[in-house]
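So that the names make sense, note that chain A is the first sequence line, chain B the second, and so on, each numbered from 1.
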Amino acid sequence: MISAVLGIVLAQYPVKLSVLELPKPEAQTVSIHAYLWRDKNFVKEEQSWKLICAITGVNSLTYNAGEVGFFGGSAGIRPRVVSCPDFLRVEVVSSPEKWKESVALAASLVAQPNWRSNQWEEKEKVLAGTVLDSWSESLWPMPAFTEKLLEDEAGNAHARILDRSGVRLIVEGPVEIGEVRDEMAKVARLWSVPEFRELSRYSEESKFQRKQNLAVTTFELSGKPIRIGEAGSAAQFLATVALGVGKGSTLWETVREKEGLAYRTEGVFWPTRNGFVPRLFMLRRAEEGEIQYAETMVKSLEKGIETYDTVSLSRAKVMAEQILLHPNSFASVYVDSENTLFGLPDDDLRWRGLLNGMGLPSVPLARWVEMLKEVDEKAFQAAAKKLVEEASFRVTQGIPGL
Amino acid sequence: MLATLCSFLVLAQSPEVISKELPNGSKLRVERVAGTKQVMVALYAAASSLPGDAGTPGTRHLLEHLIAKGPDRLLDVKLESAGLSLTATTERDGTNFVIMGPSDQAVMAVESLRELLAPVQVGEEELAIELKIIDQEGVFRNQFARFLDSAWLGLFDPGIDSVYGNLEALVQLKPADLKTAGQALMGSGGLAVFVKGDIDPGVTSLRVEEILMKAPKSESVTVTRNILESIGKKETVKGKGSARAVVAAGLDRPMTLARVGTALALMRSEPGFQVVYEASFDRGPILLYGVNEESFAAIKKYTRDDMRRFAPFARLNAMSYVNGLEREGPEYGVLRAKLIRQAPAFDMKQLQSTAAGLTDDEIWSALQDWQGGAMHIGGSL
């Protein structure tokens, strides 16, 4: 028995932690965001990932559910958990006096889920019975959940991802550079990645679905990820706004207003580990022979780009500023699968944390807006043209007459 | 002139907030929030101005689509070029338009109200395209839409089957019908405007007043929804799943938040549920939709003894729901504009404390409603 326990302990690895500290001496609170990024999205792990996202924040090996709840009571705000296909994030807001406990809690919730008492079986049932919504399905389809997960399947996936990526902590508030790093080195020195089975190197990576169990068919044109701050990224961002964001966008004006082809057209920025992916959507009633509308959509965009001028660029710039910095009806820069930038207090931190996970310099939002203002008409037009030319087109067919 | 000014009913006035009812029955509230550099302008046209959609279900919905484009169809482009955005929605309570954006464009945002109040002029060809768009919109009616419509009919007899409308009837409408209906919908007696932002309340209020006074004159109509006998009521609709519906007396009542919070807690604890509620200070249904009948069987297990664990979760869900309402997007604007007509004396800030203060008894009572006392709506395919 002793040798068996010893064997497991010896095979365990410490949890990798990376820390980005953003000192803000004047802040009244400390905001802590703890990330778990997936290295790859494997078909075999899709169900597990949804479940991991659903149970994260319930408890951990260090903090039971009561302690997590108590923390919410004392700090005023319970830890908030949000997710996307490529990452999950625990957000904790703390008083400056309690930042050490709060950082430890946030990291522990991500690194140490307690599979014995987080009621994952019940959560799995809830996920399996989710009432599907066509927009959420277009953004991030719910795995089928046709078969129940095996006992340790989700825990295994969590351990594998944790081993690959570790935990990324982004902390903003009245803290000094190095303080959080030092604190976490102490707190997490005994944390380890549990034993896990490696996935076969032939494992299949997730692909988009071709069918959905809805009455809606989703037409999606998605561009190359926008690597914020890199050459050409500002023009690419503005081109996406011009093409798909708002009622003055090309997509809305042509596909909806001129052709009457669809009620819902949207342009969004979707966070992935490679950058923000520009995604342009047309959602319409599923019908026979609908594939032709894919061509209509692309041709409408191409034709619209030909008319781009100073006025289009100017609209794109003011719209971009609004969707990046303020509450807006066409908020479209997603910071997780359910929330967009909306002028909220921690939006800048969410944005910079995402950039950090994407392997990019964490350019503040306000600076990014300034960079957008420098884009000229020629670069804007060229970016729009290139975006459509190089984009991939997907059609996820619904069921006619459902 | 002085007499006119004196006849304005000034409900509350301070340098930061101006609330008024104008002589033609329209109402407004302007709030300054210094330093935000943002502005929100919300226009609410009460459904009671066009009772029963003037005989053609969906008329208000179609008008909403047409009005939002502006008389020259360039309203969106003009607004967006200035960083402003417009959203429009139609609910049981009313038809709503919300403009948001930078406060240095506040004049343009407010002046847009003038365009929204202008007579609806539409050609046959344009009307045909708009009906195509509305037909496409139909696919987004959720699987619980028929259940919700049934709840409205069963609990309140609201005059029309659905807000979305009947396309076969809508195609019969002529441009002249829509112009008449548009004038009625924008009748002064059912209008409310809410403005909030980094603005001068006095100047903004004067501008809004001037615009509202030009709205088509109509009587101020206050309609209270009659509640029909619902206990033990059973209905069947064409659709998959089943649902239960309860009467909510208005957002300002604790039991409304108890029922919403409890329903949301059930949705997050048990598989296959969805909660639907049109936030309102008037009476309306809260719907708990289940993908199948077994969904409801699962909630029978909760007893009074479970309240120790369940009640805090329901309370937390009620608080999250209120947080969502207070998030300053278009829905918030709609709710604040509605509030002006429906419950002007109610302070929205009370919602959070009401949610936090829900008692275990209130939550248990709400849970019992969902377990059995509500209207039952079955689905048949």
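For B/Glu331, no part lies under 4.5 angstrom from a heavy atom of chain A. For a residue to count as touching a neighbouring chain, one of its non-hydrogen atoms must lie under 4.5 Å from one of that chain's; by this rule B/Arg309 touches chain A with the side chain only. B/Arg73 does not touch chain A: none of its heavy atoms, backbone or side chain, sits under 4.5 Å away. With a 4.5 angstrom heavy-atom cutoff, B/Leu75 does not touch chain A via any of its atoms. Of the atoms belonging to A/Ala215, heavy atoms from both backbone and side chain fall under 4.5 Å from chain B. Proximity to chain B involves both the backbone and the side chain of A/Ser329, based on heavy atoms less than 4.5 angstrom apart. The contact between B/Lys69 and chain A is made entirely by side chain atoms (from C-beta outward), counting heavy-atom distances below 4.5 Å. Proximity to chain B (any heavy atom under 4.5 Å) is shown, for A/Glu321, by neither the backbone nor the side chain. In this structure, the portion of B/Phe140 lying under 4.5 Å from any heavy atom of chain A is its side chain and not its backbone. For B/Pro312, no part lies near chain A; criterion is any non-hydrogen pair under 4.5 Å. Only the backbone of B/Met267 has a heavy atom closer than 4.5 Å to any heavy atom of chain A. Using a 4.5 Å cut-off between heavy atoms, B/Glu126 makes no contact with chain A at all.
For A/Val131 against B/Gln143, the heavy-atom pair with the smallest separation is CG1-NE2, 3.4 Å. For the pair A/Asn339 and B/Arg327, the tightest heavy-atom approach, listed with the atom from each and the gap, is OD1-NH1, 4.3 Å. Looking at every heavy atom in both residues, B/Gln136 comes nearest to A/Arg285 through OE1-N, 2.8 Å. Here the closest non-hydrogen pair linking B/Pro271 and A/Gly129 is CB-CA, 4.0 Å.
With chain B as the partner, the residue from A/Thr130, A/Leu261, A/Leu132 showing the most heavy-atom pairs under 4.5 Å is A/Leu261. In terms of non-hydrogen atom pairs under 4.5 Å with chain A, the most contact-rich of B/Gly329, B/Pro102, B/Pro330, B/Gly101 is B/Pro102. The choice from B/Leu131, B/Leu79, B/Asp135, B/Ile134 that makes the most heavy-atom pairs within less than 4.5 Å of chain A is B/Asp135. Contact tally against chain B (heavy-atom pairs below 4.5 Å) for A/Asp133, A/Leu283, A/Leu214: the top residue is A/Leu283. Between chain B and the residues A/Glu124, A/Glu122, A/Glu257, the largest count of heavy-atom pairs under 4.5 Å involves A/Glu257. The most heavy-atom pairs under 4.5 Å with chain B, out of A/Arg315, A/Lys317, A/Lys247, come from A/Lys247.
By the 6.0 Å contact criterion, NZ on B/Lys37 is open, its count of non-hydrogen atoms from other residues, nucleotides or ligands being 12 or less. More than 12 heavy-atom neighbours from other residues, nucleotides or ligands sit within 6.0 angstrom of CD on A/Glu287. Within 6.0 Å of the CD atom in A/Gln292, the count of heavy atoms belonging to other residues, nucleotides or ligands exceeds 12. Open room surrounds NZ on B/Lys349; 12 or fewer heavy atoms of other groups in view lie less than 6.0 Å from it.
To the nearest 0.5 Å, the span separating OG on B/Ser81 from CE on A/Met319 amounts to 9.5 Å. Taken from NZ in A/Lys123 to OG in B/Ser269, the straight-line distance is 7.0 Å, to the nearest 0.5 Å. Interatomic distance, A/Trp252 CH2 to B/Glu80 CD, rounded to the nearest 0.5 Å: 9.0 Å. Rounding to the nearest 0.5 angstrom, the gap separating the CD atom in B/Glu328 from the CG atom in A/Asn328 is 13.5 Å. B/Ile133 contributes atom CD1, which lies 15.0 Å from atom CZ of A/Arg264 (distance to the nearest 0.5 angstrom). Rounding to the nearest 0.5 Å gives a distance of 11.5 Å between CD1 of B/Ile129 and CZ of A/Arg256.
Put simply, the side chain of A/Glu253 reaches to within 4.5 Å of the side chain of B/Val77, judged on heavy atoms.
Panel note: side chain B/Lys132, backbone A/Glu259; a donor-acceptor pair is recorded below 3.5 Å. Side-chain atoms of A/Lys125 do not come within 3.5 Å of backbone N or O of B/Glu270 as any donor-acceptor pair. A donor-acceptor pair is defined here as one N or O able to donate and one able to accept, closer than 3.5 Å; no such pair exists between the side chain of B/Gln38 and the backbone of A/His326.
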